[in-house]
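One structure below.
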Amino acid sequence: MEIITSPTAKEASRLAARYVARLVQQKPHAVLGLATGGTPVMLYQELITLHQEGLDFSQVTTFNLDEYIGLAPDHPCSYRRFMNENLFDHLNIPAECTHLPDGLANDVEAHCQEYEDAIAAAGGLDVQILGVGTDGHIGFNEPTSSLASRTRIKTLTEQTRTDNARFFEHPEQVPIHCVTMGIGTIMDSRRIIMLAFGKQKAEIVKAFVEGPVTAMVPASVLQMHPHVTVFLDDAAASLLSKRDYYDWVYRNKPQWQTIEGKSASTASS
Ligand code: PGA
């Protein structure tokens, strides 16, 4: 795992955006795995700025991690709506190339299989963007999720429903079920970038970066992936015991291995 710390979430998001931009420049038909929540919003703003400066997304395909069951695409709290407002409405990705699970699917199991098949048909994910829940979830894979799981229905924990209540008018409106890519689906992505900001994420960051690999902390499975880059602000990195080492590694990277110089095919973790 490569750990890159920045003084602020904005700076970390800027670096992460450059990582994604470089991939899209090198592979214009890249397949991006996207995330919702508060964490990636600044990254999306940076991508929008880069697009306004000329970065072309016209051949890109996207797949989001998850969607609430029971919310229509135009519901103010649906992840489809979130993605349209925070990213898709501002880039030139053809609408039919942006994919989220359907929260209203009649046959949820069949829909989950179709989602997996669509990712495979697109050639697999080139990079998956992740945030982490305070309980360690990635996507909506809550603690004790199978580390080999595929896209499926999940039941949210009370902790996640409480964390996400800020997006809803009333806490009880947070759905109980969702469709989420599985941990196995996420791990199949060729590259993964994880963002975590703020001191409320410091404990879980320490757990998934430096603790044991365990289904109790689903994000810890990233230790098993060969190409993960974790972008942290100072607050989220504050409990890492090897923080000095991670910063030392990053400062001493050969130029070709830095975000600016990194080639998507040669980077190592
Ligand atoms: P957040 O959520 O970005 O809103 O903190 C992260 C997550 O639940 O994955």
Side-chain angles (χ1 to χ4, degrees), residues 6 8-10 12-13 16-17 20 32-47 63-69 71 76-83 85-87 100-101 103 125 127-145 147 149 151 154-168 171 173-183 185-187 189 192-209 215-222 225 228-239:
S6 300
T8 63
K10 187 166 173 51
S13 302
V20 175
L32 307 181
L34 302 177
T36 52
T39 304
V41 170
M42 272 187 281
L43 161 62
Y44 294 157
Q45 286 165 356
E46 292 288 339
L47 289 178
F63 289 90
N64 264 77
L65 285 166
D66 44 22
E67 179 60 284
Y68 291 115
I69 287 187
L71 299 194
C77 296
S78 77
Y79 283 164
R80 163 57 77 177
R81 176 92 171 251
F82 177 98
M83 290 307 301
E85 289 176 358
N86 285 285
L87 191 66
L100 281 91
L125 301 170
V127 65
Q128 176 63 56
I129 296 167
L130 295 176
V132 63
T134 55
D135 63 0
H137 70 223
I138 48 176
F140 271 138
N141 294 283
E142 300 284 26
T144 73
S145 289
L147 299 183
S149 50
T151 303
K154 282 296 286 182
T155 307
L156 303 181
T157 61
E158 273 308 308
Q159 187 174 338
T160 297
R161 293 187 70 234
T162 305
D163 285 348
N164 289 3
R166 68 189 193 279
F167 296 110
F168 291 77
Q173 290 172 343
V174 183
I176 292 174
H177 295 111
C178 64
V179 169
T180 181
M181 277 187 207
I183 295 177
T185 320
I186 293 168
M187 290 290 281
S189 180
I192 294 177
I193 66 178
M194 159 69 87
L195 296 88
F197 308 134
K199 83 172 181 326
Q200 74 281 7
K201 296 287 173 76
E203 271 188 38
I204 200 66
V205 165
K206 180 171 176 52
F208 84 75
V209 173
M216 288 302 286
V217 181
S220 65
V221 75
L222 300 181
H225 192 284
V228 176
T229 305
V230 182
F231 295 89
L232 304 173
D233 66 358
D234 271 341
S238 59
L239 297 179

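Note that the numbering runs from 1 along the sequence shown for the chain. Counting convention: from 1, in listed order, for ligands and their atoms alike.
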Starting from [atom], which protein heavy atom do you reach first, and at what distance in Å?
atom: atom 3 (O) of ligand 1; value: T39 OG1, 2.4 Å
atom: atom 8 (O) of ligand 1; value: H137 NE2, 2.6 Å
atom: atom 6 (C) of ligand 1; value: V132 O, 3.5 Å
atom: atom 5 (O) of ligand 1; value: K201 NZ, 2.7 Å

Query raised in the report: So, the side chain of T229 versus the backbone of I193: is there a donor-acceptor pair under 3.5 Å, distance only?
Result: no
Query - Side-chain donor/acceptor of E67 to backbone N/O of R80, under 3.5 Å - result: yes
Query - Worked verdict on T36 versus N64 for side chain to side chain donor-acceptor pair (under 3.5 Å) - result: CA-CA 8 Å; T36 52; N64 264 77; 5.2 Å; no
Query - Region of R166 that comes within reach of ligand 1 [heavy atoms, distance under 4.0 Å] - result: side chain
Query raised in the report: With a 6.0 Å cut-off on ring centres, are F168 and Y68 close enough?
Result: yes
Query raised in the report: Could you give the distance from CD (Q128) to CG (L32), rounded to the nearest 0.5 Å?
Result: 9.5 Å
Report summary line: ligand 1 atoms nearer than 4.0 angstrom to some heavy atom of G37 are 3 (O), 4 (O)
Query raised in the report: Considering only heavy atoms of G131, which atoms of ligand 1 have at least one such atom less than 4.0 Å away?
Result: 9 (O)
Report task. Report the C-alpha separation of K206 and E203 in whole Å, then their side-chain angles, then the decisive distance to 0.1 Å, and conclude whether the salt bridge (charged side-chain N to carboxylate O under 4.0 Å, His left out) test is met. Result -> CA-CA 5 Å; K206 180 171 176 52; E203 271 188 38; over 6 Å; no
**Report entry** Heteroatom distance test (G38, ligand 1): nitrogen or oxygen, under 3.5 angstrom
**Finding:** yes
